Each structure stands twice: as C-alpha cells, then as structure tokens.
Amino acid sequence: MKVGIYSLGCKVNIYESEYVTNLLKENDYEIVPFDSKADIYIINTCSVTNESDKKSRKIINRARKNNQDACIIVMGCYSQVSSDEIAADIILGNKDKSKIIELINDYFKSKEKKKLIYDLTNAEFEDMEIKSFENHTRAFVKVQDGCNAFCSYCIIPYTRGRVRSKKVESVINEVTNLVNNGYKEIVLTGIHTGRYGIDINSSLEELLLKLVQIPGIFRIRLSSIEINEITPNIIKLLKENNIMAKHLHVPIQSGSNKILKLMNRRYNKEEFLDMINKLKEIPEISLTTDLIVGFPHETDEDFNETIDTLKKIGFTKIHTFPYSRRKGTPADRMDEQVPSEIKKERVHEILELSNEYEGIYYKNKIGKVYDGVVEHHNNGETIVHTSNFIPVIVDNTNLNNNDIVKVKIEKVDNLKVYGSIE
C-alpha cells in the first residue's frame, strides 16, 4: 500500500515522522509524495499557535482531497488537545505512534475508526529508534519529551505532557548505530532538551560526556538549550572537546525584564547576559536565538530595551516571530494585546539587526579553514556545514553526502558564504 506523510512543526515531529517512515518501510509499505494518490495519509500535526492549528486542518483537508477513499491518520500536538475538531479514521495524540503498523492493520481489517488520546501528565517516554534518515545528512535523535516550564504563551506542556527522558543506554545505542551507518553529525533534540535526565537520575551533561566517547563519532550538536540549563561542565565540554559543535541555540524570547516576567521565562536579562559572556569564551562559538516580539503589554520602551539587550549580545542570527495568540494559554487572556501592524514593524526591525550581525559574523571568518560535513541540496548547491554552523557553498561536485572535508571561507555575498576545499 502507498503512504503519504506530512510533518508540521518542530524537530521532534521530524524525528517522529522519520521513525514512522522507517517502520512503514520495514513492513513493505511504499512511501509516496504527499500530494500523490495514496492509500494512507499520515499527518503529524503542530499546535504551537492558532495558526499552526489552522495549517494542520488545511493539510488534513488536502489529504482527503487527494483521495476520498484513503485512510486518514492524524497524530501529534493538534490532535492531542483538539481531537474533537478532527475528522479522520485514526486519531492519535502524542502517544502510541510506535504502534502505527498495528493500528493500520486493525483499521483495514475492521474499517473501525479509532481515537487514542491519553492524559500525558504521568506518561512514560515512548521509546523510538531510527537507523537512517531519508535525504538527511544530519541525524536527529530524540532524547527527551515534555516540558514543565509553562511559559505563559505556550501550549506545549499540555500537548506533550511533563518531562520524560530516554534511557542513557538507549541513546548511546541509537547514536552508535547511526554512526556505524555513516552519519557524521548527530543532533540531540527534545521538547526541553536541557532538562534531559531529571526523571531518570541523569543529566544532559552526563549524557554528553558518554556520547563524545562513542568510537567514530565526528560531531554532536544540541538543537536548543535554555540559558539557565547550561552547566559549567557543558561549557567545559564545548571548550575542550572538538566533537561538540561550536554552536548553541539559546532562546531569549525577550530582552525586557518586564516582558520576560510576563512570559514566565524564569531568568532576567542580566542573568542571560552573564551566561552569554561565559559562552563567548569558547573559541569560534556561534550563538543563535529565538525572539518573540509584540507580546501583550510590550510597549515601545520594552521593545527598545530588547534591542539594547540584543546589541549587547551580538547573536549570529535571531529567529524572530511576532507573538501569536494560542487559545488555552495565560497570554491569550492578557489585556493590552499589541496590534498586528506594530508587531510587523518590530519583526522587520529585528530582521534587519539579525542580517547585520549574521553578515558581520560570516565576514570575520573569511580566510579561516574549518572541518565540515558535506550536504548536497535539491537546488544543486553543495554545502559544507562547519562546527559553528556556517553553511559554506563550494563548487566541488565530486563530493558525497557526509564526506568530511576542510573548507576555506573565501567570500560572503548577500549572507551567502562561499569557500573552497583545502
């Protein structure tokens, strides 16, 4: 049977969709493009904002239009919290994705629709293991699920449940298998990666210290980590061990103490700046971030405070989002919601600042030589990804995906970095 899969949202969803893809292939299902005619459509949904919900509904409707008679399976965050809004044959939340083959077999035997939504408050980590990533040179490994933070704008603790972690031995086995299968860069991901291990008497730093010892491993990258979860040992490892990628994505969300408090972010700008100064002692480190503008109650003064904080930090890149309301969160019920036009203006201003800093960072690297992993893109470009996450475009077409090469950065043009193989 033919299956079309569509994944929305975060890297955890990408990992889980890839896991489902692996399971289907192992059981002789044929994976086809989502917009072609298939017997089964699987949509792994996102629910981080109201817009995400809308997009999830749109993709579900698209599947039905592709083939009226197909089995439609909807899983993920949107179905976890809004299953009553969904018309599908099988509805899963964020549990039992590993049982997808069994659920499909049952459906085609009985044609009976199923809805499996659980309270995830005390759920255990659902073990998954991936041996290969289709069309990816970097392999994601999901080490953690759930979040206990309850930021005031975020629905994720309700869609994903509380923090739960993959066993250390299971992570080591999965990473070892991926390395043995030719993957050079492993990206550790989770909903709240920095809280890894709190439920299993372990920690992220303990896990990293074991992973860097795996024979043949070239690089480990963290997908994201909160500033107040970076320990002295993690900094030491980043400084002293070349297997650790010299790049951290540390979400700031706002540079105003008033807004950080309203967001329930659990740090202030002074604490953030203090940790950034420690991180900048790591040679060649690249620091990127997420920022929400136009949060309720954000005045021009608050926004200017954020600009000032960003200028003190000098991130390599700032991923900027206008605040988007999410039904069911405290922020959605706040008064003094910022008009959309003001949010757009603030996003534009931050993007200009981000482009300026990204250009400066790249230009400062001209003439330097880095180890990197080769990745061929669909647009025909050959990219070498450096440890500090610079995508360097090279002319050499004789390279293979996952080759490790030395690349010299030669020029920067309109935020594109060009180099040559040494």
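This is a predicted model, so every value here is computed, not measured.
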What I'd like to find out is whether the side chain of [X] reaches to under 4.5 Å of the side chain of [Y], using heavy atoms alone.
X    : Y    : result
V394 : V374 : no
L204 : I234 : yes
Q253 : Y153 : yes
C71  : I90  : yes
T316 : T289 : no
I130 : V141 : no
V20  : M75  : yes
T386 : K246 : no

Verdict with reasoning, T176 to N173, per side chain to side chain donor-acceptor pair (under 3.5 Å): CA-CA 5 Å; T176 301; N173 287 339; 5.5 Å; no
Steps toward side chain to side chain donor-acceptor pair (under 3.5 Å) verdict (N181, S132): CA-CA 7 Å; N181 287 338; S132 69; over 6 Å; no
Pair E124 + R164, salt bridge at N-O below 4.0 Å: no
Side chain to side chain donor-acceptor pair (under 3.5 Å) between T231 and E205, worked out: CA-CA 8 Å; T231 63; E205 68 174 49; 2.6 Å; yes
Going from [atom1] on [X] to [atom2] on [Y], what distance comes out if it is rounded to the nearest 0.5 angstrom?
X    : Y    : atom1 : atom2 : answer
I73  : I43  : CD1   : CD1   : 8.5 Å
I318 : E356 : CD1   : CD    : 9.5 Å
E229 : S203 : CD    : OG    : 11.5 Å
K55  : T45  : NZ    : OG1   : 12.5 Å
L260 : F272 : CG    : CZ    : 9.0 Å
H385 : R221 : NE2   : CZ    : 8.5 Å

Side chains of S7 and N13, donor plus acceptor under 3.5 Å: no
Between F34 and Y41, ring centroids under 6.0 Å: yes
With sequence neighbours excluded, residues passing side chain to side chain donor-acceptor pair (under 3.5 Å) with K311: none
K25: side chain to side chain donor-acceptor pair (under 3.5 Å) partners, not counting sequence neighbours: E134
Matching residue for D145 among H192, R162, R160 - test: side-chain hydrogen bond (donor to acceptor under 3.5 Å, both in side chains): R160
Heavy-atom pair with the smallest gap, counting every atom of L208 and L188: CD2-CD1, 3.7 Å
Contact summary for K95 and Y118, nearest pair of heavy atoms: CD-CD1, 3.6 Å
Exceeds 12 heavy-atom contacts within 6.0 angstrom, atom CZ of R195: no
Crowding at CD, E26 (>12 non-hydrogen neighbours, <6.0 Å): yes
Audit row: Y357, Y362, ring pair (Phe, Tyr, Trp, His ring centres under 6.0 Å) steps and yes/no: CA-CA 9 Å; Y357 283 136; Y362 291 157; over 10 Å; no
Worked check of salt bridge (charged side-chain N to carboxylate O under 4.0 Å, His left out) between K416 and E381: CA-CA 12 Å; K416 283 198 164 191; E381 287 181 342; 3.0 Å; yes
Cation-pi, Y361 ring and K365 (6.0 angstrom, 45 degrees): yes
Cationic tip of K142 above F125 ring, under 6.0 Å, 45° of axis: yes
Any donor-acceptor N/O pair, N94 side chain to T159 backbone, under 3.5 Å: yes
S36 side chain vs V32 backbone, donor-acceptor pair below 3.5 Å: no
Check against side chain to side chain donor-acceptor pair (under 3.5 Å), E375 and N401: CA-CA 5 Å; E375 179 178 285; N401 275 339; over 6 Å; no
Geometric class of the H249/H319 ring pair [parallel <30°, tilted 30-60°, perpendicular >60°]: perpendicular
Stepwise ring pair (Phe, Tyr, Trp, His ring centres under 6.0 Å) test for F140 and Y15: CA-CA 6 Å; F140 298 125; Y15 174 91; 8.1 Å; no
